[in-house]
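Counting starts at 1 for both ligands and their atoms, in listed order.
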Amino acid sequence: MWFFSAAAFLLLLALSAPAEAGKCPTGCSCDGSKLTVTCVGKNLTEIPPTIDEITLKLDLRNNNLQVLSRGAFILTPYLTHLNLQRCSINKVKEGAFRTLGRLVSLNLAYNKIDILYQESFDGLSSLKELHLDHNRVEEIQPGAFTQLGFLNMLALTHNQLVYIPNMAFQGLHNIKWLRLSHNSLNNLAPEAFAGLFTLRRLSLDHNELQFFPTQTMTRLPEVTRLDMSHNPMTYLGEESVSVAKLTHLYLDHMSLQDLSDQALSRAPLLSHLDLGHNQLRYLEPLSGPKELASLNLTGNPVYCNCFMRPLRVWAGVRGVKLLGACAGPPHLSDEPLQAVAPLDLRCRSRGETLKDEFEKDDESTGSLSPTDKPKQKVKCPVNCDCDIESQHATCEGRGHTKAPRGFSSKTQLLDLRSNHFHDLPANSFPGTGQVVSLHLEFCKIHGIEGGAFRGMKKLFYLYLSDNDLTSLDPGAFAGAPELTYLHLEGNRLVQFPGSALALLPSLFVLHLERNAISKLEPASLLSSVAPNLRELYLTNNTITAIAKGALDSALLGTLHLDSNQLTEVPTRALSEAPNLEEINLSHNSIRWVGPNAFKPISQSLKRLYMDQMGMEKMSRDALAGLGPGLRALTVRGNQLEELPDLSPLTGLEVVDLQDNPLMCDCPLLPLRRWMENVSLEVTATCGHPPEIRGQKVRDVNVFTSCPESRSPPDEKVVAASRPPKVKKPKTSLLKTPRVKARPAKPKAKLLKPNKNKPQRKPGAPKVTKNKTL
Ligand SMILES: *[C@@H]1O[C@H](CO)[C@@H](O)[C@H](O)[C@H]1NC(C)=O
Ligand SMILES: *[C@@H]1O[C@H](CO)[C@@H](O)[C@H](O)[C@H]1NC(C)=O
Ligand SMILES: *[C@@H]1O[C@H](CO)[C@@H](O)[C@H](O)[C@H]1NC(C)=O
Ligand SMILES: *[C@@H]1O[C@H](CO)[C@@H](O)[C@H](O)[C@H]1NC(C)=O
Ligand SMILES: *[C@@H]1O[C@H](CO)[C@@H](O)[C@H](O)[C@H]1NC(C)=O
């Protein structure tokens, strides 16, 4: 009621006394129609008493008011905008604004205010913006903002705050953006931001925070943007950033030397992370954020060797854009991280030369001199090289017939590849409790006795690739409970080694490519033998069938079944892997993909590869259920004449339809339309009818005569939902000129480096479990 009558009153006044210049204070200019009064730069020491009561906007910038006393604006109760910038104000007394219940914007920037008193802002019940930047605020008294229930933005930048006490911002029930940049904050009380349930954005850059204020930040349920740049933090530990809805995090221009791979594990929605201009030499794949789109490492001394490989692979697989460049080694320096192939991220394999991978600027400073400290003597078996600094030992290809013994107990990487062990008896590696990475590739191993690795409490990476294993003793991995990455590719295993895996609770990535596994049976039950498995590589086995139950796994994300002998999509088995994101079925012989083939995993699936399968038909509903979540789809080199509707797949970033003899006729019109619609480069070629064979779908004009109908004719539905009749394989698969495809995504295969645990010195990465890939 009051509101309406006051508004009517205002309107009345405005109409009845238009532009009555009489009441304009001397030295000010007044606009009666807009109800504004401007008295800028007049060295006024008090608020002119003759300002018209109905004024809405009052601009008093650049004056000399010094103190705002109680009821200072009692004569202008209708103000909506008040500008008091640069007025040499040093004190705002309690109740100074008490009468300004309609004020929306108050600017007190560039003054000399040092304390915000309990009732300084009382009465400002409509205020939306409060500018207090560029003052000398060093103290916020409890309850200073309690009456600002409508405030959206509070700027306290460029002040002298050192500490924020508990409940400092109590009462800001509608705050969206709180700006605390450019202070000297080195401490935030745990409940400093309590009650800010609506805050979306928080700026804390250019302060003196040495640690991420983890607990304080958990009080911010709605914050999506957090700017912490320009604070002197050196390390971010596990679960440091615990902000449930955070999407943008700025941690640039700090002093970060290290970042736990779990630092962001409590920021699941993070999409943009800026780590620019820190001192990071390495970074591990980050656990937690599922949808990270960009990771900015610009201006860090990133050393591009094998330690960076997991990050590079992870970024490729996850589609994370990596910004920044290599700082070394010399042959890669200035190379953009995104452009370096994972395989080029290498560490030299010989122990004796590994060390210089860790020396900074070794070749550029020219400081190599005869006074460089001589190599220390190290405990090392004959026919091996051991390096104390990197704690690496290698006996690669030295003709050992038994695992050598007598390494320093601090050894972290043990490289024994290309020897002739034949059999690994129990306790083959005594005294190697610190070894993280063990290489046993090409060692002609055909048997591993139970307990062979006993005592290897820290073993994380085990390479048994390219040996002669036909089966595994159930106790083979006893005593190595941390094993996380296991390479068994290139052996002769005929069965999934389920029982041996049951001793590896941490197993995360399992490589079984190039073995002789022909069936996956329910006995392999992933959920019981490898409950944490995320990636399973079964490329190039002889798998013909996957029983229901064999893939039962809550966490499995990547499954490579390419180059096997499957004749159908194993839909039933897949239905038990509800988090599968990537599946490779290329190089099987799956001629027909029926309706709903991927329906059970349609919510999680992001990448689907079905190249070179001899596929002749896909049901119109083959991709049913898949939608914007699918990022990559390939069906290259099949015999497809038609394709299902791809238009629901609005999130595709990679699509490959090449080398299919498409029937360029009206039913293909939806595809053609879709191709014109998407920003991707899509190459598809006509195989029929003969007169346009070899031309690109994009270029042919057969579609111009098609009826504009959007849905394909019904006959096609019928035809497509039945398996094709057996017909002779097409003899001539067209060779068409290849148009340069989009740059292929890096292979999703994990190429694990000789990961090891270097001495913890500045810049060297910590080895922690990486459960993120
Ligand atoms: C402003 O006023 C103060 C005191 O009232 C006076 O000392 C100063 O000289 C004035 N400055 C200007 C530029 O008029
Ligand atoms: C990456 O970080 C640098 C330095 O922090 C910054 O200048 C640049 O704008 C950032 N790039 C993107 C795309 O965020
Ligand atoms: C599968 O493995 C065999 C034997 O290791 C190899 O000769 C063949 O090239 C592999 N095939 C593929 C497609 O990788
Ligand atoms: C083309 O794109 C628009 C907007 O993204 C969409 O509404 C329409 O269905 C698309 N058409 C086809 C044929 O995919
Ligand atoms: C899928 O498998 C095929 C055949 O083995 C292989 O060439 C391709 O690189 C694989 N794709 C991915 C992304 O792993």
What are the atoms of ligand 5, with element, lying closer than 4.0 Å to any heavy atom of [X]?
{"X": "S586", "result": "1 (C), 2 (O), 3 (C), 4 (C)"}
{"X": "S563", "result": "5 (O)"}
{"X": "Y609", "result": "13 (C)"}

Is the shortest distance from a Lys or Arg side-chain nitrogen in [X] or [Y] to a carboxylate oxygen in the other one below 4.0 Å?
{"X": "R266", "Y": "E239", "answer": "yes"}
{"X": "R492", "Y": "D468", "answer": "yes"}
{"X": "R591", "Y": "E568", "answer": "no"}
{"X": "R309", "Y": "D344", "answer": "no"}
{"X": "E291", "Y": "K606", "answer": "yes"}

- Over 12 non-hydrogen atoms of neighbours within 6.0 angstrom of CZ in R200: no
- Query: Any N/O of T539 closer than 3.5 Å to an N/O of ligand 5?
  - Reply: no
- Decide whether an N or O pair under 3.5 Å exists between D562 and ligand 5. yes
- Which atoms of ligand 2 are found less than 4.0 Å from any heavy atom of L323? 12 (C), 13 (C)
- Query: Is it true that H560 lies under 4.0 Å from ligand 5, counting heavy atoms only?
  - Reply: yes
- Task: Quick one: look at H277 and ligand 2, take heavy-atom pairs under 4.0 Å, and tell me if it's side chain, backbone, both or neither.
- Result: side chain
- atom 11 (N) of ligand 2: protein heavy atom closer than 4.0 Å? yes
- A student comparing L297, D274, L273 should find that the heavy atom closest to atom 5 (O) of ligand 2 comes from D274
- Message: Out of L275, T298, N296, who is nearest to atom 8 (C) of ligand 2 when you count heavy atoms only?
- Response: N296
- All heavy atoms of V635 vs all of D611, minimum pair found to be N-OD1, 3.4 Å
- Message: Under the criterion salt bridge (charged side-chain N to carboxylate O under 4.0 Å, His left out), I'd like the reasoning laid out for K176 against E222: C-alpha separation, chi angles, the key distance, then a yes or no.
- Response: CA-CA 9 Å; K176 299 289 185 316; E222 294 294 322; over 6 Å; no
